[in-house]
Amino acid sequence: MNPNDQLEPDPRPNKKPESHVRRWGAVYVLAVLFLGSWLGQFFTQLSEYRSDQEEHQQAFEWAGYLTNFFASTFENWQSEWLQLVFQAILLLGAKHLIFRVDAEDMERLEAKVDKLNQQLERQQARD
């Protein structure tokens, strides 16, 4: 590759520099949403567990509640992962069966790009 063929810096005048928050912001938002929903489950289930214990005239025990909480959490996560894996398998199958890109089309596009590169090289040689 020619050293002159390197890409120029981004010419946009208003381009903001890459910051940590800009790069990882979506991860933080998802983490906050996850923790918020998990805390919501914790307090909702805590209220339900306490009322259940009172209904049966039993004392509240954190050990019993936490066992119940984590059991329902893992049951929920297992269900979600099962759905995610199933969706991934369906999407991969759809990609290969329905949205398949033929190798011939890719070769045709590559040939066009090669032809354009050759024309640009010839034009640069003339200038």
Side-chain angles (χ1 to χ4, degrees):
M1 181 176 213
N2 228 343
N4 297 335
D5 290 342
Q6 293 179 1
L7 295 174
E8 296 291 324
D10 194 339
R12 294 178 291 180
N14 297 331
K15 183 178 185 302
K16 296 179 182 175
E18 287 289 322
S19 68
H20 178 77
V21 174
R22 190 172 175 86
R23 182 175 284 165
W24 293 96
V27 173
Y28 294 136
V29 168
L30 288 174
V32 166
L33 289 172
F34 170 76
L35 290 174
S37 66
W38 203 23
L39 281 172
Q41 176 189 346
F42 179 85
F43 289 115
T44 303
Q45 196 168 345
L46 178 64
S47 173
E48 182 183 326
Y49 185 79
R50 280 190 172 165
S51 65
D52 216 21
Q53 294 296 94
E54 288 174 5
E55 188 178 307
H56 293 95
Q57 284 99 25
Q58 295 177 343
F60 175 81
E61 294 178 0
W62 278 104
Y65 167 69
L66 290 176
T67 302
N68 190 349
F69 171 70
F70 283 114
S72 65
T73 295
F74 293 135
E75 184 179 304
N76 187 18
W77 287 355
Q78 181 183 16
S79 170
E80 295 299 325
W81 279 106
L82 181 64
Q83 290 177 32
L84 182 66
V85 168
F86 186 69
Q87 289 173 1
I89 290 169
L90 283 176
L91 287 173
L92 284 173
K95 176 186 168 215
H96 289 291
L97 295 175
I98 299 170
F99 304 111
R100 180 177 47 210
V101 177
D102 292 332
E104 295 170 359
D105 289 342
M106 291 302 291
E107 289 174 5
R108 188 173 52 86
L109 288 172
E110 288 174 2
K112 285 183 178 185
V113 169
D114 290 341
K115 187 176 180 180
L116 286 172
N117 281 334
Q118 290 171 357
Q119 288 175 352
L120 284 173
E121 286 174 1
R122 278 189 246 130
Q123 188 177 16
Q124 286 177 351
R126 278 188 247 138
D127 293 339

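Remember, predicted model here, so these are calculated numbers, not experimental data.
A distance-only check finds no donor-acceptor pair linking the side chain of Gln53 to the backbone of Gln58 [under 3.5 Å].
Under the 6.0 Å cut-off for aromatic ring centres, Phe42 and Tyr49 do not qualify, their centroids lying 6.0 Å or more apart.
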Would you be so kind as to tabulate the donor-acceptor pairs closer than 3.5 Å made by side chains of residues 24-37, with sequence neighbours excluded?
residue : atom : partner : partner atom : Å
Tyr28   : OH   : His20   : NE2          : 2.6
Ser37   : OG   : Leu33   : O            : 3.3
Ser37   : OG   : Phe34   : O            : 2.8

Can you give the donor-acceptor pairs under 3.5 Å from side chains of residues 73-83 to other protein atoms, not counting sequence neighbours?
residue : atom : partner : partner atom : Å
Thr73   : OG1  : Trp38   : NE1          : 3.3
Thr73   : OG1  : Gln41   : NE2          : 3.2
Thr73   : OG1  : Phe69   : O            : 2.9

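Here CD of Glu61 is found 9.5 Å from OG1 of Thr67. Values are rounded to the nearest 0.5 Å. For the atom pair CD (Gln123) and CG (Leu116), the distance works out to 11.0 Å, reported to the nearest 0.5 Å. The distance from the CZ atom of Arg50 to the CG atom of Leu46 is 4.5 Å, given to the nearest 0.5 Å.
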- Hey, mind stepping through Gln45 and Tyr65 against side chain to side chain contact (heavy atoms under 4.5 Å, CB included) and telling me if it holds? CA-CA 9 Å; Gln45 196 168 345; Tyr65 167 69; 4.0 Å; yes

